[in-house]
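A short write-up of the structure that comes next.
So that the names make sense, note that chain A is the first sequence line, chain B the second, and so on, each numbered from 1. Since this is a predicted model, take the numbers as computed values, not measurements. Atoms considered below: every heavy atom in the structure, side chains included; atoms not considered: hydrogens, waters and symmetry mates.
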Amino acid sequence: TRQLRRLGASCDWANERFTMDEGFSKAVVHVFVELHRRGLLYRDKRLVNWDPHFRTAISDLEVETREVQGKFWHLAYPLADGSGTISVATTRPETMLADMAVAVNPADERYAHLVGTMVRLPITGRLIPIVADEHADPELGSGAVKITPGHDFNDFEVGRRAGIAPADMLNMLDAEARIVQCGGVPDALIGLDRFEARKAVVALLEAEGALEKIEDRLIQTPYGDRSGVVIEPWLTDQWYVDAKTLAGPALDAVRSGAIRVVPETWKKTYYNWLEDIQPWCVSRQLWWGHQIPAWYGPDGTAYVAATEAEAHAQAGVEVALTRDPDVLDTWFSSALWPFATMGWPEADPKAMGRYPNDVLISGFDILFFWDARMVMQGLEFMGDVPFRTLYLHGLVRDATGAKMSKSKGNTVDPLGLIDRFGADALRFTLAAMESQGRDIKLDEKRVEGYRNFATKLWNAARFAQSNGIGGSTTQEPPSATLPVNKWIVAETIRTVQALDLALADLRFDEAANTVYQFVWSRFCDWYLELIKPAVSGVERGAVDAETQAVAGWVLDRILVLLHPFMPFITEELWHALAPREHDLIVAAWPMADARGLDPAAQAEIDWLIRLIGDVRAARAELNVPPGARLAAHLRDADVETVARLERNRAAIERMARIAIDPAPAPTGGAAQVVVDEATYVLPLEGVIDLAAERARLARAAEGAEKERDALAKRLGNPGFVEKAKPEAVDKARADLAERSAEADRFRIALKRLG
RNA sequence: GGGCGCGUAGCUCAGUGGUAGAGCACUGUGUUCACACCGCAGGGGUCGUAGGUUCAAUCCCUACCGCGCCCACCA
């Protein structure tokens, strides 16, 4: 929570909850008792994934399969009547001590005559039957397979089918996976660790001549995800939740769209898991956690109740009861989070309007552990989905792309990054890099870049402050008459629209990039540069109040839009720029009302930006000294352009460092800049390299011609004109005309140069 | 074995059936009074490979190659 606080997570910290809190614990007990009452939770003796290091049962999800180099031992079990042997193979030879059968496929004619006969198990000398079972695959190995019901999930099922009750299944291991007596295990083996026992058993088999051969092979081995030791299937009594029944409604909720999953591709994963779900083992032999609300009588009968008194009510007051010492899987309580946090079952979160939630934002790594189980429990106990949208984001990985984990110790400490670049920069980085369905390799350079962005914003605000700009909180933009102001208002509204769309789609990267591009490339690079003369009073001899008001309004909008990404700096600037009635965090989100915008003004500024840009590019390419002011003589300019030039004279002179000269261009060397219909001739006799200017113009002409020819070719294709969408054809025609005219103008300029 | 994802500029990544984008890095340049954590200009990609569909494919389909993840009882 320290990290979250420093990141500026706007949680309701006054309502912090911990699953072990008293109120939450009551909800956990209630759910356990209720599930039991509804027949959805029961005690069962069956094989469980057992962690011999922590000496506890774990759930299927806590087992990770690793491929390791192992061996495959082929054993020869003698037939009881002495007529020969039958071959079986195993990757875990020590388990033969607890073998209770050999299985062959009922359709396997090779062994049909042996079914029902006995085998004398090596080492222990026990007689075990040869049984017919579909599990045995005739294609694999010898076609016969040893059956150890107490130590293998498949064999457990085979054993049951063969009529062996779980209570009668041989169990050869203790909780720490050491050999115990069962079915005639030699004393020498008792107490050996399972891996020591393996060596010993192999040696004994070899001595008996029962070892046929040993092969190297890769084997899939289960490991505990926390302990890292090999998991043993172990026969114990545990509490299980009937996950299959709970999964039905959870599947329907996503199938019907009651829960929207983003990105959609995760739906399939969700379905696959829930459709094939196994009983969920929820008891743990640990001392830390919610203790299971079950009491046992002297005869082992379990009484599930919220309190010991209620258990006595079931068992009878005179019966001595002992509480189950086990605790619940931590995810059992976590699954109740969406409603147990709000006082349920005493309070009714639905009536409070706090259930369902809108969006759950979650890493995909806990989709099964937590998300799906919240859906199951939420539907079972609240009768509704816990959240309407499930957003699954990528995982932050280390520089090499490996998943960060506490146990591996390769975590990136967000606090260190915050210390160096600020929480705002880190938040913006994570948002900008969070594109759906992809992990994030955290790049420090990126964080640094967004730190720079924050600094840029800071400096822009400083500029505003020193020019009387700031503190215009109205939703409606101030009235604007100047094209530059109309333009930035339109750009702002466009940005709000784009941001709204991106956020509605949960595209945080798109949202971040949109606002970044607007603030830096539009507002700072163009708008602030364009209005400098106006707000400093240089232009008209007095500061322009309209521009101040518009700039202040835009800056305010920027702070609001940026706040979700960069809450700290924006809140600071919000208060620094003007006295405010409330904090930025509760400011109204900007409206995206595009009515009343002036397209002509927008077109004018777009033209202005093109003109300044083209002049700058020509100057840079021709190595004109940056400080030099040049005259620009007009050719072919229409009335509209002349008017625009007049309206934007100051900005053009300032930013392109040219002065429009009505006089015809003098003869001699000159650079020529073509923007739309007009050509701007910049006399540079003796200053520029004519060859360089010729090359520049020729390159521009060739570029336009190349595009012109490509368009002409496409339009010359009958297939295109007939089959393409009319809009595409129209656009191609318009582009062709434009490129063609442009190419001509460059050629004319080139010719003029001589 | 089943499922999913990725392979686009040097790096990290967006993206679209109709002439390829961002940030960083790189090159040139700059003492214009918000900012060098900056400005201006610029170079750089046969969009993994091979087929197919289409007037048109980086984008759709198929196969293949490489990388990653999840699930799974082949003894």
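The residue A:T455 sits close to a base: some heavy atom pair falls under 4.0 Å. The residue A:N717 sits close only to the backbone: its heavy atoms come under 4.0 Å of sugar-phosphate atoms, none of a base. Looking at heavy-atom distances under 4.0 Å, A:M655 makes no contact with the nucleic acid at all. Backbone-only contact: A:D525 has heavy atoms under 4.0 Å from sugar-phosphate atoms and none from a base. No engagement by A:K706 is indicated, since no non-hydrogen atom pair under 4.0 Å with the nucleic acid exists. Within the 4.0 angstrom heavy-atom criterion, no nucleotide atom of any strand lies near A:G703. Contact annotation for A:E529: base contact, defined as any heavy-atom pair under 4.0 Å involving a base atom. In this structure, A:R708 reaches neither bases nor backbone, as no heavy-atom distance under 4.0 Å exists between it and the strands shown. Note on A:E448: nothing from the nucleic acid sits closer than 4.0 angstrom, heavy atoms only. Among the protein residues, A:R616 comes within range of the sugar-phosphate backbone only, with heavy atoms under 4.0 Å from sugar or phosphate atoms but none that close to a base. Residue A:A432 is classed as having no contact, given no heavy-atom separation below 4.0 Å to the nucleic acid.
Considering only side-chain atoms of A:K445, the nucleotide from B:C4, B:C24, B:A34 that sits closest is B:C24. Closest to the side chain of A:R714, out of B:U29, B:U19, B:C55, is B:U19. The listed nucleotides are B:C37, B:A75, B:C55; the one nearest the side chain of A:F720 is B:C55. Here B:A75 is the nucleotide among B:A34, B:A75, B:C71 with the atom lying nearest to any side-chain atom of A:V145. Nearest nucleotide to the A:K268 side chain, out of B:G3, B:A75, B:A34: B:G3. Taking every side-chain heavy atom of A:A617 into account, B:G42 is the closest of B:G42, B:A75, B:U19. When distances run from any side-chain atom of A:T265 to the nucleotides B:A75, B:C37, B:G5, the shortest one goes to B:G5. Considering only side-chain atoms of A:F463, the nucleotide from B:A34, B:U12, B:C70 that sits closest is B:A34. Considering only the side chain of A:K441, B:U12 comes nearest among B:U12, B:C71, B:A14. With B:G18, B:U19, B:C37 as the candidates, the nucleotide lying closest to the side chain of A:R739 is B:U19.
Across all strands shown, B:G66 is found opposite B:C6 as a Watson-Crick or G-U wobble partner, with both distances under 3.5 Å. Within the shown strands, B:U29 is the pairing partner of B:G39 under the Watson-Crick or G-U definition, both distances less than 3.5 Å. In this structure, B:G1 and B:C71 make a Watson-Crick or G-U wobble pair, each of the two defining distances being under 3.5 angstrom.
Between A:E157 and A:R46 there is no salt bridge, since no side-chain nitrogen of the basic residue lies less than 4.0 Å from a carboxylate oxygen of the acidic one. For A:E529 and A:R654, the salt-bridge test passes: some basic side-chain N is under 4.0 Å from an acidic carboxylate O. Between A:D709 and A:K713 no salt bridge is recorded (no basic side-chain N to carboxylate O distance below 4.0 Å). Taking a cutoff of 4.0 Å between a charged side-chain nitrogen and a carboxylate oxygen, A:D509 and A:R507 qualify as a salt bridge.
Taking a 6.0 Å sphere around CH2 of A:W520, one finds it holds more than 12 heavy atoms contributed by other residues, nucleotides or ligands.
The phosphate of B:G39 has OP1 or OP2 within less than 4.0 Å of a side-chain N or O from A:W520. Taking only side-chain nitrogens and oxygens, A:N513 never comes nearer than 4.0 Å to OP1 or OP2 of B:A14. A close approach under 4.0 Å does occur between a side-chain nitrogen or oxygen of A:S435 and OP1 or OP2 of B:A14. Listed pair A:K532 / B:A34 meets the phosphate criterion, a side-chain N or O lying under 4.0 Å from OP1 or OP2. Between A:R507 and the phosphate of B:A14, there is no side-chain N or O to OP1/OP2 separation shorter than 4.0 Å.
Looking only at atom types and distance, the side chain of A:E434 has a donor-acceptor partner in the side chain of A:Y391 under 3.5 Å away. Counted by atom type alone, A:D133 and A:N105 present zero donor-acceptor pairs between their side chains at under 3.5 Å.
The base of B:C24 is not paired with the side chain of A:R446 by any donor and acceptor separated by under 3.5 Å. Donor-acceptor pairing under 3.5 Å, judged by distance alone, is absent between the side chain of A:K723 and the base of B:A56. Remark: the A:K456 side chain and the B:C35 base include a donor-acceptor N/O pair separated by less than 3.5 Å.
Rounded to a whole angstrom, the distance from the P atom of B:C4 to that of B:C11 is 29 Å. Look at the P atom in both B:C64 and B:G23: the space between them is 39 Å, to the nearest Å. Across B:A22 and B:G18, the matching C1' atoms stand 22 Å from one another, rounded to whole Å.
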Subject >> Stepwise side chain to side chain contact (heavy atoms under 4.5 Å, CB included) check, A:L417 with A:E448 >> reply: CA-CA 9 Å; A:L417 286 170; A:E448 186 183 350; over 6 Å; no
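Checking A:A620 against A:F364, the closest nucleotide of RNA chain B that is more toward the 5' end is the one next to A:A620. Residue A:P718 is the one, among A:F153 and A:P718, whose nearest nucleotide of RNA chain B lies closer to the 5' end (criterion: closest heavy atom).
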